[in-house]
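Convention: sequence-line order gives letters A, B, ...; per-chain numbering from 1.
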Amino acid sequence: MYNIRRMLSPLPFSFYERNTVDVARALLGMRLVRWYQQTRLSGIIIEAEAYRGEEDLACHARSGYTRRTRVMYGPPGRAYVYFTYGMHWMLNVVTEREGFPAAVLIRAVQVVEGQSVVAERRAGAPPHHWADGPAKLCQAFAIDGSLNSADLTTPESGLWIEPGTPFADSEILSGPRVGINRVPEPWRSIPWRFRVDAHRGASI
DNA sequence: AGCACGATTAACT
DNA sequence: GTTAATCGTGCTC
């Protein structure tokens, strides 16, 4: 049975209510946790991207307030989960003050709890490919549209983020966001993607 | 109502 | 390196 004493308090509302780029960087090393079928699934966040405001032409909020983007206009610390390519779910964390649409896309985690469940959900994939992409991580942790707008600051939602061990700046790479090649400059190249550098001694 | 495309992935050549 | 899979969304007619 899961030992409740191992559970840390989720990151607070104030962690998310600030500049989205800072949140994306700060999320590296934090622990994404999913409570699924009486089992704790978790992973250390190792890659994330910032999407910030209506002026950011790579952000879904470029279209303004719609049924799809409404969660991004709401309070920070919530999940923005959307469906794309007809088959994939993506997990984002809403940031900034309520009313300002922005979020951080969680792109990759290193699975550290619930490996047997994840191995089954990611059948056929080796461990290093369990959650090394935004859609793969959602499949691994059973994240779908039912978690859209879930409150990540409480375990009651079944999905939350706990404090972890932050990475040093020397272990982090930044660069342009991926998969947005049709987006105009400067948004296409702005370095709002952050990831752990596997070649700088980080234990991933 | 119809259309083009997508914050991707796996399976190809 | 290329491409199919597959459907919700936002835009145009």
Side-chain angles (χ1 to χ4, degrees), chain A residues 16 19-28 30 32 34 41 43 45-74 76-96 100-111 118-150 152 159 161 172-196:
Chain A
Y16 303 103
N19 185 283
T20 309
V21 181
D22 295 338
V23 176
R25 166 63 183 85
L27 277 170
L28 301 185
M30 304 299 107
L32 179 69
R34 173 81 165 110
L41 314 180
I45 297 171
I46 57 173
E47 182 178 350
E49 288 175 351
Y51 290 85
R52 186 174 189 278
E54 294 177 349
E55 68 171 8
D56 174 6
L57 297 181
C59 182
H60 290 164
R62 65 186 178 271
S63 304
Y65 184 97
T66 67
R67 188 169 54 191
R68 182 202 213 191
T69 63
R70 69 187 154 78
V71 176
M72 276 200 286
Y73 287 80
R78 303 291 189 96
Y80 165 43
V81 182
Y82 72 91
F83 186 66
T84 191
Y85 289 105
M87 64 193 86
H88 299 306
W89 295 100
M90 303 281 152
L91 171 66
N92 299 252
V93 179
V94 176
T95 57
E96 313 247 1
F100 186 91
V104 172
L105 172 69
I106 307 300
R107 288 193 58 90
V109 306
Q110 164 83 19
V111 178
V118 169
E120 194 167 305
R121 295 193 57 83
R122 296 281 300 130
H128 74 284
H129 284 155
W130 277 347
D132 62 334
K136 297 182 201 179
L137 128 206
C138 286
Q139 185 185 355
F141 284 6
I143 294 165
D144 64 19
S146 67
L147 287 165
N148 191 35
S149 85
L152 300 174
L159 182 67
I161 303 177
I172 301 302
L173 298 174
S174 61
R177 297 169 290 182
V178 302
I180 57 167
N181 295 321
R182 292 175 56 88
V183 172
E185 297 289 4
W187 309 108
R188 189 178 68 185
S189 298
I190 197 167
W192 285 357
R193 176 195 191 199
F194 299 92
R195 65 193 157 114
V196 176

When rounded to whole Å, the CG to P distance for the pair A/D144 and C/dT6 reads 19 Å
Only one of A/Y51, A/W192, A/W187 passes side chain to side chain contact (heavy atoms under 4.5 Å, CB included) with A/C59; say which it is.
A/Y51
Any strand: nucleotide that pairs with C/dT6 via Watson-Crick or wobble, under 3.5 Å
none
Take A/R121 and A/Q139, measure what side-chain hydrogen bond (donor to acceptor under 3.5 Å, both in side chains) needs, and give me the verdict at the end.
CA-CA 7 Å; A/R121 295 193 57 83; A/Q139 185 185 355; over 6 Å; no
Within the 4.0 Å heavy-atom criterion, would you say A/I180 contacts the bases, only the backbone, or no part of the nucleic acid?
sugar-phosphate
Mapping A/V183 and A/A125 onto DNA chain B by nearest heavy atom, which one lands closer to the 5' end?
A/V183
Side-chain N,O (A/T66) to OP1/OP2 (C/dG10) below 4.0 Å
yes
From the 5' end of DNA chain B to its 3' end, which nucleotides mark the outer limits of contact with chain A, defined by a 4.0 Å heavy-atom distance cut-off (strictly under)?
B/dC5 to B/dA10
Assign A/R122 to base, sugar-phosphate, or nothing according to its heavy-atom contacts below 4.0 angstrom with the strands shown.
sugar-phosphate
For A/M90, answer base if it contacts any base atom (sugar-phosphate contacts may also be present), sugar-phosphate if it contacts only those atoms, and nothing otherwise; contact means non-hydrogen atoms under 4.0 Å.
sugar-phosphate
A/R177 and side chain to side chain contact (heavy atoms under 4.5 Å, CB included): which single residue from A/D56, A/L105, A/V183 fits?
A/D56
Work out how far the P atom of B/dC5 is from that of C/dT3, and round it to whole angstrom.
16 Å
Counting heavy atoms not belonging to A/E185, are there more than 12 under 6.0 Å from its CD?
yes
Figure out the CZ/P separation between A/F83 and C/dG10, and round it to whole Å.
15 Å
Can you measure A/H88 atom NE2 to C/dT9 atom C1' for me and round it to whole angstrom units?
17 Å
Looking only at atom types and distance, does a side-chain atom of A/E49 sit under 3.5 Å from a main-chain N or O of A/R107, one as donor and one as acceptor?
no
What is the distance, rounded to the nearest whole Å, between atom CZ of A/R68 and atom C1' of C/dC11?
13 Å
Ignoring hydrogens and angles, state whether a donor on the side chain of A/E54 or A/Y65 is under 3.5 Å from an acceptor on the partner side chain.
no
Under 4.0 Å, heavy atoms only, any strand: does A/A135 hit a base, just the sugar-phosphate, or nothing?
sugar-phosphate
Could you tell me whether a side-chain N or O of A/W130 sits under 3.5 Å from a main-chain N or O of A/A125, the two making a donor and an acceptor?
yes
